[in-house]
2 protein chains.
Amino acid sequence: METIQKDFLQELGYLGFTMRLKRISDKLMQDGRRLYQSLGLDIEPNWYGVFLLLDRYGKLGVMEVADYLQLAHPSAIAIINKMEKAGYLLAERDAIDQRKRRVFLTAKAKEKLPVYKKIWSAGTESVRQLTALTNLFADLKRFESHYNNSDFTSRTLSAHSQYETTPRELSIIPFSEKYADDFGRINYEWLHMYFKVEPHDYEMLDHPQSYIIDKGGQIFFALCDGFVVGTVALILKDKDVYELSKMGIAPMYKGKKIGEKLLLYAIDYARKEGKKSVYLESNTSLTPALNLYHKAGFVEVANDPDTPYERCDIRMELLLN
Amino acid sequence: METIQKDFLQELGYLGFTMRLKRISDKLMQDGRRLYQSLGLDIEPNWYGVFLLLDRYGKLGVMEVADYLQLAHPSAIAIINKMEKAGYLLAERDAIDQRKRRVFLTAKAKEKLPVYKKIWSAGTESVRQLTALTNLFADLKRFESHYNNSDFTSRTLSAHSQYETTPRELSIIPFSEKYADDFGRINYEWLHMYFKVEPHDYEMLDHPQSYIIDKGGQIFFALCDGFVVGTVALILKDKDVYELSKMGIAPMYKGKKIGEKLLLYAIDYARKEGKKSVYLESNTSLTPALNLYHKAGFVEVANDPDTPYERCDIRMELLLN
DNA sequence: AAAATTTAGGTAGGAGACTACGTAAATAAT
DNA sequence: ATTATTTACGTAGTCTCCTACCTAAATTTT
């Protein structure tokens, strides 16, 4: 427990996504509130949508506001009532539809709006700077639309239905076609998390049989609780040299020495196959992995300038016997 | 108000970021809860962090849990207490530090964990699919670290301090160096939102003076409430032909006919300069803009196969006099 | 050794969002 | 015309997270 890993959720990868998102949005919200307070303004961070909506469209019904902002209507009501109490909104009954309460900005609101817009512009600029050089917006949009289309719940449910009771113990098995997808799944996750996925990766991860097994290599899977929780590949590089690659552990199972067992198993296999050495390429930022390699006897050697991977900045080797 | 723009927050661009983020994270949370309910499980969507944390590290104090998950400690306490009540957690006093309450997983938790992990894996896979082909994770990480470093509040505050009371009315003025940054600000926003920014864009947006003005073109700014809310550029393409480009309105000021005024003003200028025609390149997905162009008299002509912009799939022209 | 400060953990209260349920007006169906 | 259904709100209750404040143990200072 020496160096405390500060951000566990980040370490959990895809699984931590939900809570990380909430964390960011909550923080932004809190900051917004603080900002208004320090400026001495009597508005809340979630009001700007209503302000701008009514600034553009004039009078709107409660449901319309909710629809535009994609809020459940009670939330819209809560905001509207507060704004009304603060004197920014007025409401009137719709002449033809008696149920409808049409809300609109008061003179106070219209007077203050330019000031608020100025502040929102500043905030907008901050967000622009924070998201500069990223595709956060396009990606977020894509995420939202995919998410709205596909039913997350039912998809996850069906995936779950394949659950079968199996021993808890860790077992390590060689490649079999039925786990080919897991090979990709495990590795795409950490690649995605730390680097960008390179073309060379796609080939191997999507076609392990043809790119690794058929060329004289081997892949091992760590199985636990009934599914694949770790992978490692030995790629035949020379008649007596393996490259060790695609070593990945499912985030949920990290910290359980599974990587170590997998690595030792692979080394043992290489030795039994009569190979002279195993080498690997990695990145210095992946300290836990490097420690593991070191512990297993790998030593740093000169970097290969012709590596097909951009992310690799270190090469290690282990001589067998 | 013909076609109701469904997502107002998306339309607001950077400004809508906060609420969109909250919307997504809340939705994910709700879905998680529904998922567990339909599976008949007595766990909550925000428990997985604690489960996996204790699975890895064994016994931890309340504050440690809070730190790892980056939660305020009352939140951690709330989760821990519920999990304890549900029988998943037990607590004991630390032998040396009497204040410390060390929590750990019960036998029930350890027994159920494989099942839950299976479900979380399925959820993980769903997130992977939803974020495939995006850089959401790398970008989110970058956003988080930038955000944690720079003080959003104080930055926005200082930007706000430049506020000066100015007339509410819209005015249109020609290029001046002091608004050069605004030219970039306004245009980067919509480019970022709808497309990816192309190299050609950076040049022009960062150096309007040399790339547009000095080459015989002109830029107009719409000013309102004391700051720039819209831009349009006329680029000299031929001795009597302008290309109309970089037409953008700050999201907060959309729907106020500012674009229309700016466009007519630019056309008028071109006419006064004695040009024969103005053409523009755009994208068919930008319906509101296309309507505007159409209304101003632009007609669709054959597309230019040599356009420097990837995003453009339509070309329109307006003959003057 | 006594006093001051930090740290661990807890409570109270507030904000935001959502679901579920209820009511009355408007619209559609028979 | 009467009944059934949809729509527009509104209320209540629950969940999440956070800040502010409090206590008591551990650690530092003096």
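Residue numbers begin at 1 in each chain, while the letters A, B, ... track the order of the sequences.
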Task: From C:dT19, C:dG16, C:dG9, nucleotide with atom closest to B:Arg34 side chain - done: C:dT19

Task: Given D:dC18, C:dC18, C:dG16, the nucleotide with the shortest approach to the side chain of B:Leu71 - done: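 Looking only at heavy atoms from C-beta outward on B:Leu71, the closest nucleotide is D:dC18.
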
Task: A:Asp7 with A:Arg23: basic N within carboxylate O range, under 4.0 Å - done: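 Salt bridge present between A:Asp7 and A:Arg23.
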
Atom-to-atom span, [atom1] of [X] to [atom2] of [N] - whole angstrom:
X: B:Met19; N: C:dA15; atom1: CE; atom2: C1'; answer: 13 Å
X: B:Asp97; N: C:dT7; atom1: CG; atom2: C1'; answer: 8 Å
X: B:Asp31; N: D:dT16; atom1: CG; atom2: C1'; answer: 16 Å
X: B:Leu9; N: C:dA17; atom1: CG; atom2: C1'; answer: 14 Å
X: B:Asn81; N: C:dA12; atom1: CG; atom2: P; answer: 12 Å
X: A:Ile77; N: D:dT7; atom1: CD1; atom2: C1'; answer: 13 Å
X: A:Gln37; N: D:dT19; atom1: CD; atom2: P; answer: 12 Å
X: B:Leu69; N: D:dC17; atom1: CG; atom2: C1'; answer: 13 Å

- [ ] Between A:Arg23 and A:Arg93, just flag the one whose closest nucleotide in DNA chain D comes earlier from the 5' side.
- [x] A:Arg93

Open item on the list: Heavy-atom nearest nucleotide on DNA chain C for B:His73 versus A:Trp47: which residue maps closer to 5'?
Closed with: B:His73

TODO: Using heavy atoms to find the nearest nucleotide of DNA chain C for A:Ala72 and B:Gly61 separately, return the residue whose nucleotide is more 5′.
DONE: B:Gly61

TODO: Could you tell me whether the side chain of A:Arg99 has a donor or acceptor atom within less than 3.5 Å of a complementary atom in the base of D:dA8?
DONE: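 Answer no: no donor N or O sits under 3.5 Å from an acceptor.
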
Open item on the list: Just checking A:Phe51 against A:Trp120, ring centres under 6.0 Å apart?
Closed with: yes

Open item on the list: Tell me if a side-chain donor or acceptor on B:Glu92 pairs with a main-chain N or O of B:Arg101 at a distance below 3.5 Å.
Closed with: no

Open item on the list: Looking at A:Asn135 and A:Ala138, would you say the former's side chain and the latter's main chain have a donor-acceptor pair under 3.5 Å?
Closed with: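 Absent.
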
For [X] and [N], is the shortest distance between a side-chain N/O and OP1 or OP2 below 4.0 Å?
X: B:Lys82; N: D:dT16; result: yes
X: B:Arg101; N: C:dG10; result: yes
X: B:Ser75; N: D:dT16; result: no

Could you check whether [X] gets within reach of a base, just the sugar-phosphate, or nothing at all, counting any heavy atom under 4.0 Å?
X: B:Pro74; result: base
X: B:Asn46; result: sugar-phosphate
X: B:Arg33; result: sugar-phosphate
X: A:Ile80; result: nothing

Task: Working for side chain to side chain contact (heavy atoms under 4.5 Å, CB included), residues B:Glu125 and A:Tyr14 - done: CA-CA 8 Å; B:Glu125 180 59 14; A:Tyr14 296 130; over 6 Å; no

Open item on the list: Within the 3.5 Å criterion, strictly below it, is a donor on B:Tyr36 or B:Asp42 matched to an acceptor on the partner's side chain?
Closed with: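 No, because no side-chain N or O of B:Tyr36 sits under 3.5 Å from a partner of the opposite role on B:Asp42.
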
